[in-house]
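This report concerns only the one structure given below.
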There are 2 protein chains.
Amino acid sequence: MGAALALVGKGRHFASLGIREVTRQAGVVPTSFYRHFRNMDDLGLQLVDELGLVLRRMMREARANVLQSDKLIEESVGIFVAHARTNRNFFMFMAQGLAGESRAVQEGIRSEMRFFASELANDLRRLRLMDHLSDADLDLTCDLVVRTVAFSLTDLLSVSPDDDYQIGQIRKRTTRFLQMIFVGAGHWQSDGA
Amino acid sequence: MGAALALVGKGRHFASLGIREVTRQAGVVPTSFYRHFRNMDDLGLQLVDELGLVLRRMMREARANVLQSDKLIEESVGIFVAHARTNRNFFMFMAQGLAGESRAVQEGIRSEMRFFASELANDLRRLRLMDHLSDADLDLTCDLVVRTVAFSLTDLLSVSPDDDYQIGQIRKRTTRFLQMIFVGAGHWQSDGA
DNA sequence: CACATTAGTGAACAAGTGTACACATCAACA
DNA sequence: TGTTGATGTGTACACTTGTTCACTAATGTG
């Protein structure tokens with residue numbers, strides 16, 4: 001799995017990886033592959049599971065650092081950007097998987113995103129933010145937030161991880177996106193929406 | 001190019017396609033490939049160019065059908081969904097390319113999206129909507145809109161093109177996303193954003 | 001310690017891959 | 001009509017690929 005991630009991190013697309021290639025990168029003989037996975041799709045699914053853990057770690061950190069901050073959005077985006085850098089390969093895999101060729105991997109990632117959105121909704125409820133929104137509308141908002149952040153991922157991954165200036169730009173832009181969404185959510189249904 | 005698109009439409013990822021595979025689908029001998037393209041990346045780039053045309057056609061239709069409608073957002077999303085169905089393979093290619101393995105294709109698609117966003121900004125200016133926004137903020141809004149629609153693409157492409165119910169759901173949800181964004185844009189900078 | 005499970009090995013095979021080269025076909029135009 | 005440029009063909013070569021099978025090394029548990 002590490003070998004596959006490493007190749008993805010080098011710019012290869014997961015769908016184009018072969019068993020021999022992965023085992024070669026892992027420093028192991030091709031047949032060993034079958035001791036762990038039935039095929040590449042299987043490997044992909046297990047990567048999605050690990051991706052889930054990465055995302056949960058990120059959420060935990062965000063909750064810890066953000067609870068009483070007034071710059072909730074800015075902080076959260078910062079944590080996201082930091083994690084995207086630390087776990088670059090995982091996030092690359094995620095970005096690829098959304099339109100990947102394995103339906104199962106696709107669905108897995110989608111499901112991780114849904115989970116993330118629902119946790120975000122819980123947090124906002126708990127913090128008594130967006131109290132005027134119905135459950136459905138809060139859901140809508142969180143879904144939109146998660147999508148926006150996920151799309152920023154593709155921006156983030158398309159620049160060098162050392163290009164602090166560009167990364168800063170993306171962080172600022174993403175923050176403004178979210179601010180605009182929350183302004184919209186704040187006025188939702190109180191006007192002609 | 002048609003053959004490559006057809007394979008993508010069948011669920012394959014562009015990055016995993018080979019020259020022989022494409023020529024086989026095209027009903028032509030492998031060596032013929034080199035008469036038209038230098039390699040698969042080259043083919044990808046030419047597909048991006050054609051994708052540009054598809055998007056422009058869509059924009060033209062949207063402008064024609066939407067000028068004096070009060071349901072501007074709803075109509076536009078409808079046109080988008082319709083085009084996504086008609087040109088399913090092109091849009092699949094687009095969704096894949098955003099996180100694809102050819103940097104050039106990636107940049108090409110990204111650039112098409114920027115163009116689309118800037119045209120949208122022009123239209124909004126012309127229609128005297130969002131008149132209170134600075135150029136930069138209008139840009140921000142349009143970028144966010146285009147991203148949101150692009151992400152909906154992955155939803156759209158993950159369901160069967162004949163599943164009218166699910167497609168309708170996606171259309172409605174996307175519409176609400178955009179409405180929320182525009183509500184946010186409408187109140188932008190007038191409150192604590 | 002012995003034993004069972006797990007992980008890794010090496011050789012083999014049929015099939016598929018990218019690419020090179022010389023040759024054939026065909027449309028368009030002088 | 002003859003020539004030319006674009007497109008397609010057939011053969012060939014050196015690799016790479018997925019998967020199989022029988023075998024070995026290491027691991028931890030009774």
Side-chain angles (χ1 to χ4, degrees), chain A residues 1-54 89-90 92-93 96-97 99-109, chain B residues 1-53 89-90 92-93 96-97 99-108:
Chain A
M1 292 167 68
L5 274 189
L7 288 169
V8 165
K10 282 186 185 151
R12 302 290 315 278
H13 190 106
F14 184 79
S16 79
L17 297 182
I19 288 177
R20 285 187 114 104
E21 199 178 359
V22 171
T23 56
R24 196 180 313 132
Q25 165 83 25
V28 128
V29 98
T31 38
S32 277
F33 181 90
Y34 298 98
R35 298 290 173 193
H36 306 270
F37 318 99
R38 279 196 298 126
N39 48 46
M40 284 302 285
D41 274 18
D42 189 20
L43 203 177
L45 281 179
Q46 298 199 215
L47 275 178
V48 172
D49 289 348
E50 266 206 33
L51 175 66
L53 300 181
V54 172
N89 298 357
F90 259 117
M92 282 198 156
F93 171 73
Q96 292 184 355
E101 85 177 352
S102 157
R103 187 57 60 113
V105 167
Q106 222 171 113
E107 196 43 55
I109 292 179
Chain B
M1 292 167 68
L5 273 188
L7 288 169
V8 165
K10 281 185 185 152
R12 304 290 314 280
H13 190 103
F14 184 80
S16 78
L17 297 182
I19 288 177
R20 286 187 112 103
E21 198 178 1
V22 171
T23 55
R24 195 180 313 130
Q25 165 84 25
V28 129
V29 101
T31 38
S32 276
F33 181 89
Y34 298 98
R35 300 287 175 194
H36 306 270
F37 318 100
R38 280 198 296 128
N39 49 46
M40 283 302 285
D41 274 18
D42 189 19
L43 202 176
L45 281 179
Q46 298 199 215
L47 276 178
V48 172
D49 288 347
E50 265 205 35
L51 175 65
L53 300 181
N89 298 357
F90 259 116
M92 282 197 154
F93 171 73
Q96 294 184 353
E101 86 178 351
S102 156
R103 186 57 60 113
V105 167
Q106 222 171 114
E107 196 43 54

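Everything quoted here is computed from the prediction, not taken from an experiment. Residue numbers begin at 1 in each chain, while the letters A, B, ... track the order of the sequences. As a basis for the values below, the full set of heavy atoms in this structure was taken, side chains included, without hydrogen atoms, waters or symmetry mates.
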OP1 or OP2 of D:dG18 versus the side-chain N and O atoms of A:Arg24: is any pair under 4.0 Å? no
Whole angstroms only, please: what is the CG-P distance between B:Asp41 and C:dG18? 13 Å
To the nearest 0.5 angstrom, please state how far the CD1 atom of B:Ile19 sits from the OG1 atom of B:Thr31. 10.5 Å
Need the bend value for the helix from C:dC1-D:dG30 to C:dA30-D:dT1: angle between end axes, 5 pairs each end, nearest 10°. 10°
Taking the side chain as every heavy atom from C-beta outward, state whether A:Met92 and A:Phe14 have any atom pair closer than 4.5 Å. no
Under 4.5 Å between any side-chain heavy atoms of A:Lys10 and A:Gln25, yes or no? yes
Contact class for B:Phe33 (heavy atom, under 4.0 Å): base, sugar-phosphate, or nothing? nothing
Are A:Leu5 and A:Glu50 side-chain neighbours, meaning at least one heavy-atom pair lies under 4.5 Å? no
For B:Arg38, which contact category applies under a 4.0 Å heavy-atom criterion: base, sugar-phosphate, or nothing? nothing
Would you compute the distance between atom CD of A:Gln46 and atom CE of A:Met1 and round it to the nearest 0.5 angstrom? 5.5 Å
Is B:Phe90 close to B:Val8 at the side-chain level, that is, under 4.5 Å between some pair of heavy atoms? no
Would you mind reading off the distance between A:Phe37 atom CZ and D:dG18 atom P, rounded to a whole angstrom? 14 Å
Report the distance from atom CD1 of A:Ile19 to atom P of D:dG18, rounded to the nearest whole Å. 5 Å
Measure the CE-CD distance between A:Met40 and A:Glu101 for me, rounded to the nearest 0.5 Å. 10.0 Å
Looking at C:dG8, I'd like to know if its phosphate oxygens (OP1 or OP2) sit under 4.0 Å from a side-chain N or O belonging to A:His36. yes
Nearest-Å distance, OH (B:Tyr34) to P (C:dA22)? 17 Å
Integer-rounded Å distance: C:dG18 P and B:Met40 CE: 8 Å
Could you list, one pair per line, each protein nitrogen or oxygen that sits under 3.5 Å from a nitrogen or oxygen of nucleotides 9-12 of chain D, together with the distance?
from   : atom 1 : to      : atom 2 : distance (Å)
D:dT9  : OP2    : B:Val29 : N      : 3.0
D:dG10 : O6     : B:Thr31 : OG1    : 3.1

Starting at atom CG of B:Leu17, determine the distance to atom P of C:dG16, rounded to an integer number of angstrom. 16 Å
What is the separation between atom CZ on A:Arg12 and atom P on D:dT16, rounded to the nearest whole Å? 14 Å
So, applying side-chain contact (heavy atoms from CB on, under 4.5 Å) with A:Phe37, which one of A:Val22, A:Leu43, A:Leu45 is it? A:Leu43
Side chains of A:Phe93 and A:Val48, heavy atoms from C-beta outward: is any pair under 4.5 Å? yes
